Protein chains: 2
Amino acid sequence: MPKDTFFNLSIEKRQRIIDMAIDEFAKYSYDKVSISKIVDKAEIAKGSFYQYFEDKKDLYKYLLLNVIVEKKVNYLSHFTLKMQEESFFEVLKALYIAGINFAKDNPKLAEISDHFTKNTDDNLKKEIYDGSIPKSNALLEGLLLKGIAKGDLNPDIDIKLTAYILTSLTISIGEYFIKELKVEDDMEIMTLIDNMLLIFEKGIKNKG
Amino acid sequence: MPKDTFFNLSIEKRQRIIDMAIDEFAKYSYDKVSISKIVDKAEIAKGSFYQYFEDKKDLYKYLLLNVIVEKKVNYLSHFTLKMQEESFFEVLKALYIAGINFAKDNPKLAEISDHFTKNTDDNLKKEIYDGSIPKSNALLEGLLLKGIAKGDLNPDIDIKLTAYILTSLTISIGEYFIKELKVEDDMEIMTLIDNMLLIFEKGIKNKG
DNA sequence: ATATAATGTGACCATATAGTCATATGACTA
DNA sequence: TAGTCATATGACTATATGGTCACATTATAT
């Protein structure tokens, strides 16, 4: 966590530091991000930076676990609502939509998340979400169980495997739509999501 | 491509350099790999390294595009055979099996591939497979088209999207089985693959 | 006005890197 | 034996990094 001095800063200065940090962490992976560059762009002295943060990891953690998470929460309200009542596939759809909307509205924050999930340094990974983030498959495992209980889903499916597949897609599909396909239009995105859900609902085999 | 001097080396020395490079690139991502460490471990002088390779990228490219690809080819023969005759799902199964067997037999090479696919430096990505690797979704797009033509697959599916999903799973599923689930047993792996194919064949919706 | 505490600062440190180059070694040729 | 060429070498360069620290500045309290 940043030190008190950081939170004692004027909102403008604090925001400037956060913004410049977001810029850099969105552009580069953790190792390539330069603190020197951040302090230059934020127009503070190197020494000041270390008065606000313990070290580089402290800043990174703060972005990942506070700045980003706080933004993401807003996008999940719709999903949380649906979760109670709607069918499994409606809930899953809401989840995908939330993820894609977040990425559309906050491309830089989405980049940072993407960099983190793609990071292959196990030490860093551990140090960042040591305890703080539950196994990310857990959410979908829960949804699948609920879906089976409700009778929405085939009870014979391999839950852990299905959760893994759907989770990794939740993470990558937003990137794919926006960065690869460069789809901007909301309608088009909806069609893509529907097509994807259809694959998981009914499979791709020909029933002839 | 490495320089002639590299190929003029004795097989032992050449192999020693390759092995130590594989060690390092399996452990660390491109940026974190240190040439100094490789030359130390391979017991050659730093200057010698630069007589064999243009630069760091040259070595990396060589591992990725020659050493690894040449190994991978062996695992795809079975798949190539099946491709001609069998049904779409049989071919897909062969593809997944090939990927997983490669990862089981060559864990370090699989790590290197994994690091590369997860690398987020677009410049590096471009410089490495500039032209040399076709869009990796293309293989599965082709298979899907063939599958539809044969009548194996529902002709209404979104081919590009399906190809993306199946491709990204080909890449990540081997890692998941081996590193996350720590499944070693061949039978168990087969069951997992079958379960996965079933999801894509018939979907996960309850038909009641 | 004085003393104390909180912040700000940038030169500096230790460290590491990719890559170079003048020189040494050894092999092959005439 | 002398000369030529490919190869081997490691000290060295230029550069960059995260992090520190002695000191300067400002704000607060007495």
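Everything quoted here is computed from the prediction, not taken from an experiment. Proteins get letters first, then strands, A, B, ... in listed order; numbering begins at 1 in each.
The CZ atom of A/R14 sits 17 Å away from the C1' atom of C/dG8 (whole-angstrom rounding). Summarising the geometry, the separation between CD on A/Q51 and P on D/dT26 is reported as 15 Å, rounded to the nearest angstrom. The interatomic distance linking B/F49 (CZ) with D/dT9 (P) rounds to 15 Å, in whole Å. The distance between atom NZ of B/K3 and atom P of D/dA6, rounded to the nearest whole Å, is 13 Å. Between the OH atom of A/Y60 and the P atom of D/dG18 there is a distance of 14 Å, given to the nearest Å. In this structure, the CZ atom of B/F7 is 18 Å from the P atom of D/dA6, given to the nearest Å. Residue A/F6 contributes atom CZ, which lies 17 Å from atom C1' of C/dA6 at whole-angstrom precision. For the pair B/E43 CD and D/dG10 C1', the computed distance is 15 Å after rounding to whole Å.
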Listing time: all N or O pairs from protein to nucleotides 15-18 of chain C that are below 3.5 Å?
residue	atom	partner	partner atom	Å
C/dT17	OP1	B/S34	OG	3.3
C/dA18	OP1	B/V33	O	3.0
C/dA18	OP1	B/I35	N	3.4
C/dA18	OP1	B/K56	NZ	3.2
C/dA18	OP2	B/I35	N	3.1
C/dA18	N7	B/K46	NZ	3.4

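Each of B/R16, B/M20, B/Q51 was scored for a side-chain contact (heavy atoms from CB on, under 4.5 Å) with B/I44, with one residue passing: B/R16.
Dashed line: the shortest gap from a side-chain N or O of B/N8 to OP1 or OP2 of D/dA6 is not under 4.0 Å. Here B/S48 reaches the OP1 or OP2 of D/dT9: one of its side-chain N or O atoms lies under 4.0 Å away.
Residues B/K3 and B/D58 are not paired through a salt bridge, judged by the lack of any N-O separation under 4.0 Å between the basic side chain and the carboxylate. Classification of B/K104 and B/D186 as a salt-bridged pair holds, one side-chain N sitting under 4.0 Å from a carboxylate O. Classification of A/E24 and A/K41 as a salt-bridged pair holds, one side-chain N sitting under 4.0 Å from a carboxylate O.
Comparing atom distances between the B/Y52 side chain and each of D/dA8, C/dG8, D/dT7 picks out D/dA8 as nearest.
A cation-pi geometry, defined here as NZ or CZ lying under 6.0 Å from the six-membered ring centre and within 45° of its normal, does not hold between B/K146 and B/F88. A cation-pi arrangement is present between B/K72 and B/F102, with the terminal nitrogen or guanidinium carbon under 6.0 Å from the aromatic centre and inside a 45° cone about the axis.
Among the heavy atoms of the strands lying under 4.0 Å from B/K13 are primed sugar atoms or P, OP1, OP2 only; no base atom is included.
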query: In dot-bracket form, how is DNA chain C paired, counting a Watson-Crick or G-U wobble pair only if both its distances are under 3.5 Å and using | for bases paired to another strand?
result: |||||||||||||||||||||||||||.||
field: Worked verdict on A/D55 versus A/Y50 for side-chain hydrogen bond (donor to acceptor under 3.5 Å, both in side chains)
entry: CA-CA 6 Å; A/D55 51 24; A/Y50 285 92; over 6 Å; no
- prompt: When you look at B/F7 and B/Y52, which way does the ring-ring contact (aromatic ring centres under 6.0 Å, His included) test go after all the steps?
  reply: CA-CA 8 Å; B/F7 296 106; B/Y52 308 146; over 10 Å; no
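Ring geometry for A/F6 versus A/Y62: interplanar angle over 60°, hence perpendicular rather than tilted (30 to 60°).
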